[in-house]
Amino acid sequence: MEKFIPLAHIVGRVLLAVIFIMAGLNKITGDAAGTMQYMESMGVPGFLFWPTALFELLAGIAVLIGFQTRIVALLLAGFCGLSALLFHMNFADPMQAGMFMKNFTMAGGYLMLMVAGAGGYSLDSRKISAD
């Protein structure tokens with residue numbers, strides 16, 4: 001199993017990153033006003049739309065390339081938990097209950113990434129030399 005660890009790191013990072021890269025891109029290119037209105041209906045100030053969209057996109061890219069992975073993974077774990085609590089607490093709706101569990105499952109994945117680090121195929125693994 002040891003020989004599969006480098007591949008598992010990169011595949012895991014790609015799978016964890018894609019959802020946030022796509023979410024950020026969809027926010028940036030989509031219906032910003034509608035998303036802001038939805039955020040406000042859930043008690044979240046609409047002005048947080050752009051910082052959220054940029055955070056999702058940039059954090060997803062950071063995980064994808066393995067840059068500052070442990071820090072970004074911790075931030076994304078918190079983001080997943082917080083967004084579950086803010087947006088998906090309607091357990092009477094099976095879709096919302098599923099989204100809640102998805103977010104907490106992703107938070108668990110990001111906590112594992114925080115502990116494990118990015119692995120070999122990442123910017124974090126590159127050694128900086130003072131040549």
Side-chain angles (χ1 to χ4, degrees):
M1 293 305 275
E2 293 282 325
K3 65 182 175 182
F4 294 111
I5 291 173
L7 180 62
H9 275 286
I10 186 68
V11 171
R13 282 198 343 261
V14 168
L15 294 174
L16 284 167
V18 167
I19 194 167
F20 280 104
I21 293 170
M22 295 307 300
L25 285 174
N26 287 338
K27 280 182 180 66
I28 290 167
T29 61
D31 179 17
T35 303
M36 285 183 212
Q37 188 175 36
Y38 173 70
M39 290 170 67
E40 290 171 349
S41 76
M42 301 303 286
V44 177
F47 72 85
L48 292 176
F49 170 82
W50 288 108
T52 300
L54 291 173
F55 171 74
E56 288 177 338
L57 177 61
L58 296 175
I61 291 170
V63 167
L64 180 69
I65 65 176
F67 177 73
Q68 297 293 317
T69 306
R70 292 177 192 267
I71 294 167
V72 174
L74 178 62
L75 293 172
L76 283 168
F79 183 87
C80 288
L82 183 61
S83 62
L85 295 171
L86 289 173
F87 296 103
H88 305 300
M89 291 287 292
N90 181 5
F91 297 121
D93 178 351
M95 176 67 81
Q96 291 302 316
M99 297 291 281
F100 182 91
M101 292 307 300
K102 176 214 38 124
N103 278 34
F104 267 82
T105 300
M106 288 180 6
Y110 280 111
L111 290 174
M112 294 294 292
L113 184 61
M114 180 193 72
V115 171
Y121 299 110
S122 66
L123 291 180
D124 289 347
S125 71
R126 296 185 61 166
K127 303 285 188 241
I128 299 175
S129 64
D131 291 328

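Only a predicted model underlies this, so the values are computations on that prediction, with no experimental measurement involved. Starting from 1, each residue takes its place in the sequence as its number.
Looking at heavy atoms from C-beta onward, Ser122 lies out of side-chain contact with His9 at the 4.5 angstrom threshold. Within the 4.5 Å cutoff, the side chain of Leu54 has heavy atoms near those of the Ile28 side chain. Lys102 has its side chain out of reach of Thr105: every pair of non-hydrogen atoms, C-beta onward, lies at least 4.5 Å apart. No side-chain heavy atom of Val44 sits under 4.5 Å from any side-chain heavy atom of Tyr38. Looking only at side-chain heavy atoms (C-beta outward), Leu16 and Ile19 stay at 4.5 Å or farther from each other. Side-chain atoms of Met36 and Trp50, non-hydrogen and from C-beta on, do get closer than 4.5 Å to each other. For the pair Val63 and Phe20, the minimum side-chain heavy-atom distance is 4.5 Å or more. Residues Leu74 and Met114 form a side-chain contact, since some pair of their non-hydrogen atoms from C-beta on lies under 4.5 Å apart.
Taking each heavy atom of Gly120 and Ser125 in turn, the nearest pair found is O-OG, 2.5 Å. Across every non-hydrogen atom of Val72 and Ala59, the tightest pair is CG1-O, 3.6 Å. Taking all atoms of both residues into account, the shortest heavy-atom contact from Ala92 to Pro94 is O-CD, 3.4 Å. Closest heavy-atom contact between Ala118 and Gly66: CB-CA, 4.0 Å. Here the shortest heavy-atom pairing between Arg13 and Thr69 reads CD-CG2, 4.4 Å. For the residue pair Glu40 and Pro45, the shortest heavy atom distance occurs at CG-C, 4.2 Å.
If you take OH on Tyr110 and CZ on Phe79, they are separated by 10.0 Å, rounding to the nearest 0.5 Å. Distance check, rounded to the nearest 0.5 Å: SG of Cys80 to CZ of Phe100 gives 12.0 Å. Here the straight-line distance linking atom CE of Met22 with atom CG of Leu57 works out to 10.5 Å at 0.5 Å rounding. The distance from the CG atom of Leu123 to the CG atom of Leu64 is 10.0 Å, given to the nearest 0.5 Å. For the atom pair Phe55 CZ and Lys27 NZ, the distance stands at 11.5 Å (nearest 0.5 Å). Taken to the nearest 0.5 Å, the CG atom of Asn26 stands 5.5 Å off from the OG1 atom of Thr29.
The closest donor-acceptor contact from the side chain of Asn103 to the backbone of Gly81 lies at 3.5 Å or more, if one exists at all. Of the possible donor and acceptor atoms, none in the side chain of Arg70 sits under 3.5 Å from a partner among the backbone N and O of Leu113. At distances below 3.5 Å, not a single donor-acceptor pair connects side-chain atoms of Asn90 with backbone N or O atoms of Gln96.
Other residues, nucleotides and ligands place no more than 12 heavy atoms under 6.0 Å from the CE atom of Met112. Within a 6.0 Å radius of CZ in Phe67, no more than 12 heavy atoms belonging to other residues, nucleotides or ligands are found. Within 6.0 Å of CD1 in Ile21 there are more than 12 heavy atoms belonging to other residues, nucleotides or ligands. Within a 6.0 Å radius of CD in Gln37, no more than 12 heavy atoms belonging to other residues, nucleotides or ligands are found. The local environment of CZ in Phe91 is crowded, with over 12 non-hydrogen atoms from other residues, nucleotides or ligands closer than 6.0 Å.
Following chains of ILVMFWY side-chain contacts shorter than 4.5 Å, one cannot reach Met89 starting from Leu82, and the two form parts of different hydrophobic clusters. Placement of Met106 and Met101 in two distinct hydrophobic clusters is found when ILVMFWY residues are connected by side-chain heavy-atom separations under 4.5 Å, directly or transitively. Leu58 and Leu25 are assigned to two separate hydrophobic clusters, defined by single-linkage of ILVMFWY side chains at heavy-atom distances under 4.5 Å. Phe49 and Leu86 fall within the same hydrophobic cluster, where Ile, Leu, Val, Met, Phe, Trp and Tyr residues are linked whenever their side-chain heavy atoms come under 4.5 Å apart, directly or through other members. Residue Leu7 is not grouped with residue Ile5 when hydrophobic side chains (ILVMFWY) are merged at heavy-atom distances under 4.5 angstrom, including chains of intermediate members.
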